[in-house]
Protein chains: 2
Amino acid sequence: MNSSPTPPAAEAVVYAPIDAVDRFCRAALAAAGADEATADAATRAMMHGSRLGVDSHGVRLLGHYIKVMEGGRVNRSPDVRLVQSFGAVASLDTDNGHGALGAYRAMEHAVELADQFGIGAVSIRNSSHFGPAGAYAMAAAARGFVGFAVCNSDSFVRLHDGAMRFHGTNPIAFAVPVDGDDPWLLDMATSAVPYNRVQLYRSLGVQLPEGVASEADGRDTRDPSLVEMLAPVGGEFGFKGAGLAGLAEILSAVFSGMKLSFDILPMNGPDLSTPRGLGAFVMALKPGAFVSPETFQAGMQRYVDVLRTSPARDGLTVMAPGDREWKVARERERIGVPLDPATREAFSALADRHGLTLPFSH
Amino acid sequence: MNSSPTPPAAEAVVYAPIDAVDRFCRAALAAAGADEATADAATRAMMHGSRLGVDSHGVRLLGHYIKVMEGGRVNRSPDVRLVQSFGAVASLDTDNGHGALGAYRAMEHAVELADQFGIGAVSIRNSSHFGPAGAYAMAAAARGFVGFAVCNSDSFVRLHDGAMRFHGTNPIAFAVPVDGDDPWLLDMATSAVPYNRVQLYRSLGVQLPEGVASEADGRDTRDPSLVEMLAPVGGEFGFKGAGLAGLAEILSAVFSGMKLSFDILPMNGPDLSTPRGLGAFVMALKPGAFVSPETFQAGMQRYVDVLRTSPARDGLTVMAPGDREWKVARERERIGVPLDPATREAFSALADRHGLTLPFSH
């Protein structure tokens with residue numbers, strides 16, 4: 001492939017058809033020794049990210065996932081199983097397998113529990129990188145349930161008034177089905193910005209917004225090259241963001257007996273062989289167990305209708321959570337998903353090694 | 001909610017003993033015709049607010065509560081009952097009674113369900129002003145469960161990029177018991193600031209922080225006298241705050257078939273006789289159903305220990321959610337709870353009318 005030194009300007013992005021990218025991910029994971037369930041779950045989760053525009057959790061992760069499987073950190077053929085069950089809740093052990101496999105399995109079980117008990121919650125043990133939290137919440141919504149998913153991760157985010165990398169970017173996802181319409185989908189990091197925003201601004205030489213990141217002593221900085229940690233969402237009211245990160249942390253790590261964010265080995269090495277002991281937590285609710293399905297759907301319909309037609313601030317548009325993502329998804333179903341140069345390079349190396357057909361032309 | 005009279009200057013505040021204020025509230029509610037369960041629940045919730053320093057939801061509400069009971073909006077002797085049950089979830093009808101009565105009852109039932117099923121959730125119908133969400137989350141934590149409580153309320157908060165009062169200040173509360181220590185307690189409005197902050201700054205002639213409130217057209221303003229609506233928490237990332245408000249809205253109003261925030265009659269009249277059709281939602285989780293109680297407590301202890309001893313930004317202190325409240329509570333157990341002039345006036349009028357002993361001297 002072209003070895004231009006130019007960094008990933010927009011024009012360096014190539015769009016590749018969704019189906020072809022999906023097939024490539026599955027083939028590459030299989031070639032790297034992942035079992036079918038793992039390849040399927042990891043691909044679904046990455047394609048959720050790439051299709052909906054959550055590119056940080058899209059197929060750019062393929063190379064990383066294969067690297068940590070080959071390194072031994074992630075188990076390629078895990079024995080994922082329920083290790084504890086009690087009424088409407090359970091604990092699932094991912095056996096150090098791929099985080100998406102654990103999360104999808106856990107949500108499937110949570111949905112079964114919710115179907116039987118009105119609500120179901122599953123804590124996840126011995127997992128690995130979670131990927132896009134919204135993917136698992138959506139797995140519940142696709143079956144007519146309300147889905148909730150959280151995880152913690154290696155620490156990047158300070159506390160309010162703190163000067164230490166304490167929480168991960170600890171996302172909270174919540175998805176609600178709306179009959180005949182796009183689901184309502186919230187998928188938010190509890191940090192002010194994602195870390196890759198800092199990296200992007202650093203490469204562009206652009207100043208960060210006020211109050212979203214800090215130097216090593218916790219002091220705010222707008223210079224992306226000085227950033228040592230992110231701020232919790234909320235700015236002056238960052239105690240709210242830090243509190244929400246704590247909610248995700250407690251459900252993910254304490255309810256599973258897994259590592260707290262500040263004890264987790266970093267995602268990107270140097271150690272690629274030791275399992276990271278990640279936890280996570282998913283929950284499903286059955287709306288029809290609380291009110292009639294008709295009442296629930298009428299309420300959701302009125303809520304999103306009024307929301308989408310409500311007056312906007314000058315020159316802006318009001319959107320429901322997820323609307324931006326559904327718009328991107330529809331566009332990408334047409335034009336394909338973007339592959340940046342580093343991702344194409346990783347894909348090419350995998351294609352060479354395993355004799356796979358690339359989803360884009362050289 | 002939150003429409004206090006002109007905020008008191010510090011010197012106008014009188015501190016009254018907790019026990020005496022508690023007795024006064026119960027006596028005044030009983031004299032106004034509230035049944036014992038209603039007087040108990042309303043007093044417990046108000047005292048949670050006054051004791052922990054959440055004064056907007058403290059005993060300043062007593063006069064309002066009695067007014068709406070006398071007006072007929074709130075049922076003084078409601079037949080609170082479960083109207084739907086399904087496995088680990090239920091719906092409770094408050095019969096237009098006091099919001100605290102519905103919320104405490106719902107949480108009691110959620111805890112029973114969680115004890116039996118590991119998790120329990122109860123949606124609340126036909127309720128009224130919720131009071132401090134943290135009080136109900138704490139009711140679960142006091143019994144060794146993790147508590148979660150949300151409500152919606154009449155709209156004051158715009159959407160991200162919106163120019164309409166859309167959501168209420170829709171709080172999210174989450175309480176986690178920690179053996180031998182204060183609980184971890186998050187109780188946050190999903191608006192950037194509470195409305196009474198705007199009122200306070202207005203009376204003080206002080207400018208608001210950037211990005212917390214808007215004029216009628218949705219444009220940000222720092223002038224408290226121009227404020228028509230609050231911003232969702234998050235500032236530039238206010239879509240997160242608006243999304244969290246939506247999570248609270250869906251669980252509270254849609255899961256109960258009750259009114260969406262923008263359809264709710266205002267808390268402060270003019271109509272004090274029509275029930276407002278408020279919903280709410282509570283949930284309890286049993287940690288020992290997910291991991292051993294020892295593992296859970298060891299995780300919580302390490303989490304709060306590292307948090308409380310973690311490095312702080314220059315001159316600041318790091319606190320766990322709730323730490324500020326527990327500190328205030330210990331102080332107020334010693335010096336009493338503050339009563340502002342308007343609250344003392346309301347108390348005096350009630351004392352005159354019903355021959356009650358005031359908890360402070362004239």
Side-chain angles (χ1 to χ4, degrees), chain A residues 84 86-89 91 116-119 121 123 159 161-164 166 174 176 184 186 188 192-193 209 217-219 233-237 239-240 243 246-247 249-250 253-257 260 262 285 287 289-291 295-296 299-300 302-303 306-307 310-314 316-318 321, chain B residues 84 86-89 91 116-119 121 123 159 161-164 166 174 176 184 186 188 192-193 209 217-219 233-237 239-240 243 246-247 249-250 253-257 260 262 285 287 289-291 295-296 299-300 302-303 306-307 310-314 316-318 321:
Chain A
Q84 188 164 339
F86 183 98
V89 311
S91 292
Q116 191 181 349
F117 297 106
I119 193 167
S123 77
L159 293 163
D161 298 339
M164 164 186 164
F166 190 84
F174 191 71
V176 186
W184 188 98
L186 175 69
M188 57 170 271
V193 290
D217 62 2
R219 244 185 319 170
V233 68
E236 188 189 350
F237 313 98
F239 59 91
K240 298 186 180 187
L247 181 155
E249 183 90 13
I250 292 166
V254 185
F255 269 81
S256 65
L260 295 161
F262 46 73
L285 297 102
F290 294 86
V291 283
T295 299
F296 184 82
M300 277 311 294
R302 176 158 169 74
Y303 178 60
V306 175
L307 192 161
S310 74
R313 305 216 277 172
D314 198 29
L316 299 169
T317 310
V318 174
Chain B
Q84 188 164 337
F86 183 97
V89 312
S91 293
Q116 193 180 346
F117 297 105
I119 192 167
S123 78
L159 293 163
D161 298 338
M164 164 186 166
F166 190 85
F174 191 72
V176 185
W184 188 98
L186 175 70
M188 58 168 271
V193 291
D217 62 2
R219 243 184 320 170
V233 69
E236 187 190 349
F237 313 98
F239 60 90
K240 297 186 179 186
L247 180 155
E249 184 89 15
I250 292 167
V254 185
F255 269 82
S256 64
L260 294 160
F262 46 74
L285 297 104
F290 293 86
V291 283
T295 299
F296 185 82
M300 278 310 294
R302 174 155 170 76
Y303 179 60
V306 174
L307 192 160
S310 74
R313 304 214 278 171
D314 198 29
L316 300 169
T317 310
V318 174

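Throughout, protein chains are lettered first and strands after them, A, B, ... in sequence-line order, and every chain is numbered starting at 1.
For chain B, the nearby parts of A:F255 are the backbone and the side chain; heavy atoms of each come within less than 4.5 Å. Residue A:V291 touches chain B through both its backbone and its side chain, counting heavy-atom pairs closer than 4.5 Å. Heavy-atom distances place the backbone of A:Q116, and not its side chain, under 4.5 Å from chain B. When heavy atoms are compared at a cutoff of 4.5 Å, A:L260 approaches chain B solely by way of its side chain, counted from C-beta outward. Only the side chain of A:L159 comes within contact range of chain B, with at least one heavy atom under 4.5 Å from a heavy atom of that chain. Both the backbone and the side chain of A:P311 come within contact range of chain B, judged by heavy atoms closer than 4.5 Å. Contact of B:I250 with chain A is made through the side chain alone, with heavy-atom distances under 4.5 Å.
Taking chain A as the reference chain and counting heavy-atom pairs below 4.5 Å, the highest number among B:S123, B:A121, B:A163 is found for B:A163. When each of A:G162, A:G118, A:G299 is scored by its heavy-atom pairs under 4.5 Å with chain B, the top score falls to A:G162. Per-residue counts of heavy-atom pairs under 4.5 Å with chain A were compared for B:V176, B:L285, B:L247; the largest is that of B:L247. Ranked by heavy-atom pairs shorter than 4.5 Å toward chain B, the options A:G243, A:S91, A:P321 are led by A:G243. Among A:V306, A:D217, A:T317, the residue making the largest number of heavy-atom pairs under 4.5 Å with chain B is A:V306.
The shortest side-chain heavy-atom distance between B:D314 and A:R219 does not fall under the 4.5 Å cut-off.
Checked against the 6.0 Å centroid criterion, the rings of A:Y303 and B:F166 qualify as a close aromatic pair.
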Step-by-step side chain to side chain contact (heavy atoms under 4.5 Å, CB included) determination, B:F86 to A:F117
CA-CA 6 Å; B:F86 183 97; A:F117 297 106; 5.6 Å; no
Checking side chain to side chain contact (heavy atoms under 4.5 Å, CB included) for the pair A:R302/B:V254: CA distance, chi angles, key distance, verdict?
CA-CA 10 Å; A:R302 176 158 169 74; B:V254 185; over 6 Å; no
Please walk me through it: do A:L186 and B:K240 pass side chain to side chain contact (heavy atoms under 4.5 Å, CB included)?
CA-CA 8 Å; A:L186 175 69; B:K240 297 186 179 186; 5.8 Å; no
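Judged purely by atom type and a 3.5 angstrom limit, A:R313 uses its side chain to pair as donor or acceptor with the backbone of B:G218. Between the side chain of B:T295 and the backbone N or O of A:G257, no donor-acceptor pair lies under 3.5 Å. For A:Q84 (side chain) and B:A289 (main-chain N/O), a donor-acceptor pair under 3.5 Å exists by modelled atom type.
Between A:V318 and B:D161, the shortest heavy-atom distance links the atoms CG2-O, 3.5 Å. Scanning all heavy atoms of the two residues, the minimum distance from A:V233 to B:G234 falls at CG2-CA, 4.2 Å.
Taking CE of A:M188 as the start and CZ of B:F237 as the end, the distance is 11.5 Å to the nearest 0.5 Å.
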